[in-house]
There are 2 protein chains.
Amino acid sequence: ERLVVSGVTSSKNEARIAVKGVPDQPGIAAKILTPIAEAGINVDMIVQSSPTGDTNDLAFTVPKTDYKRAMEIERNVARDIGAQDVRGDDSIAKVSVVGVGMKSHSGVAAKMFSTLAAEGINIRMISTSEIRISCIITDKYAELAVRALHSAFGLNSE
Amino acid sequence: ERLVVSGVTSSKNEARIAVKGVPDQPGIAAKILTPIAEAGINVDMIVQSSPTGDTNDLAFTVPKTDYKRAMEIERNVARDIGAQDVRGDDSIAKVSVVGVGMKSHSGVAAKMFSTLAAEGINIRMISTSEIRISCIITDKYAELAVRALHSAFGLNSE
Ligand SMILES: C[C@@H](O)[C@H](N)C(=O)O
Ligand SMILES: C[C@@H](O)[C@H](N)C(=O)O
């Protein structure tokens with residue numbers, strides 16, 4: 001599959017919420033997300049990596065306008081399920097490298113991560129799909145990240 | 001955007017690797033992924049959720065055939081970057097709910113998680129995109145998960 005990185009996107013209209021140290025047992029992810037769905041709040045990224053002992057963390061992004069409401073919902077959920085903490089951050093940006101054939105090219109991801117590193121940008125969350133690799137970074141670096149990724153992938157940065 | 005869940009997919013040909021407790025600073029994600037790319041190993045899901053103190057976990061999936069090689073690479077990387085641990089698991093399945101308009105429907109994710117919970121299936125990793133919500137579960141539950149998701153989303157489970 002020939003890889004074609006067709007573009008770089010960025011958006012600053014999301015906020016991140018992480019429910020930390022939840023019991024890693026069936027039903028917990030549903031408890032975290034169901035009240036958000038019932039409140040009519042859209043969710044963009046949902047990310048859970050790997051357990052630590054018998055707990056896990058689950059993070060997701062919501063529109064910035066729903067950040068306070070979603071945090072309040074999750075503080076109640078955290079009490080109900082015995083989570084260790086709820087962390088939120090509304091000064092983030094999502095930068096993504098988009099293209100077909102991503103899935104078979106770990107080289108694209110490595111290059112994206114190295115490019116952000118070379119600019120001293122810390123990657124706070126990562127999620128990938130067949131057509132896109134997305135990184136959450138601090139919002140003030142969004143423009144720098146997009147410029148650096150454009151040039152790293154040889155895209156015309158008009 | 002009207003949501004159309006068009007299908008459920010599952011695959012058992014991947015294995016998961018998690019590099020735990022890495023320093024949460026620029027350059028680390030590149031150090032973890034670059035040697036995998038250089039070894040010509042494809043990566044499907046890359047998932048990093050949120051930091052714990054000043055460390056983070058990064059997990060990714062590779063074809064089962066590359067599992068041992070990738071684990072060996074990451075054990076060396078872990079020593080080099082001072083990670084706490086490298087965990088691997090090659091008895092996993094990825095089940096996904098696929099459809100357009102996913103992004104604006106946290107209800108789909110909540111329903112997927114509840115459906116797996118109702119069958120007592122623990123969700124070990126989560127990653128989403130605009131068209132798909134993917135969960136890593138233990139491989140022996142793959143068929144049960146697909147059947148349960150088919151019926152929950154009203155898909156003809158021929
Ligand atoms: C943990 C890792 O993602 C780190 N934050 C980095 O930017 O590389
Ligand atoms: C942590 C959470 O994802 C849990 N493993 C569940 O299945 O709901």
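- Contacts of A/L116 with chain B are absent, with no heavy-atom separation under 4.5 Å from either backbone or side chain.
- Cluster membership for B/I131 and A/V47, using ILVMFWY side-chain heavy atoms within less than 4.5 angstrom, is not shared.
- For residues 19-36 of chain A, heavy-atom neighbours of chain B at less than 4.5 Å comprise A/K20, A/D24, A/Q25, A/P26, A/G27, A/A29, A/A30, A/L33, A/T34, A/I36, sorted by residue number.
- If you tally non-hydrogen atom pairs under 4.5 Å between each of B/A117, B/A18, B/A110, B/G40 and chain A, the highest count goes to B/A110.
- Side-chain heavy atoms closer than 4.5 Å link hydrophobic residues (I, L, V, M, F, W, Y) into clusters, and following such links, even through other members, never connects A/I136 to A/V8.
- Rounding to the nearest 0.5 Å gives a distance of 11.0 Å between OG of B/S127 and CD of A/Q48.
- A/V108 and A/M125 sit in two unconnected hydrophobic clusters of ILVMFWY residues. Membership requires side-chain heavy atoms under 4.5 Å apart, directly or through other members.
- Counting heavy atoms from C-beta outward, B/F113 and A/I46 have side chains that approach closer than 4.5 Å.
- The hydrophobic cluster containing A/I92 does not contain A/Y67, counting ILVMFWY residues as joined when their side-chain heavy atoms lie under 4.5 angstrom apart, directly or transitively.
- Proximity to chain B (any heavy atom under 4.5 Å) is shown, for A/T52, by both the backbone and the side chain.
- Atoms OG and CG, on A/S50 and B/D85 in that order, are 9.0 Å from each other to the nearest 0.5 Å.
- Residue A/E130 holds its CD atom at 4.5 Å from CZ of B/R132, rounded to the nearest 0.5 Å.
- Atom CG of B/N56 is separated from atom CD1 of A/I126 by 8.0 Å, given to the nearest 0.5 angstrom.
- Of the listed residues B/V62, B/T115, B/I121, the one with more heavy-atom pairs under 4.5 angstrom with chain A than any other is B/I121.
- Rounding to the nearest 0.5 angstrom, the gap separating the CG atom in B/L58 from the CD1 atom in A/I123 is 8.5 Å.
- B/A78 meets the side chain to side chain contact (heavy atoms under 4.5 Å, CB included) test with B/A83, B/V86; sequence neighbours excluded.
- Placement of A/L155 and A/L144 within a single hydrophobic cluster is found when ILVMFWY residues are connected by side-chain heavy-atom separations under 4.5 Å, directly or transitively.
- Put simply, the side chain of A/S49 never gets that close to the backbone of B/S49: no donor and acceptor are under 3.5 Å apart.
- Between chain B and the options A/E38, A/R16, A/M45, heavy-atom pairs under 4.5 Å are most frequent for A/R16.
- For the residue pair B/S106 and A/N42, the shortest heavy atom distance occurs at OG-CA, 4.1 Å.
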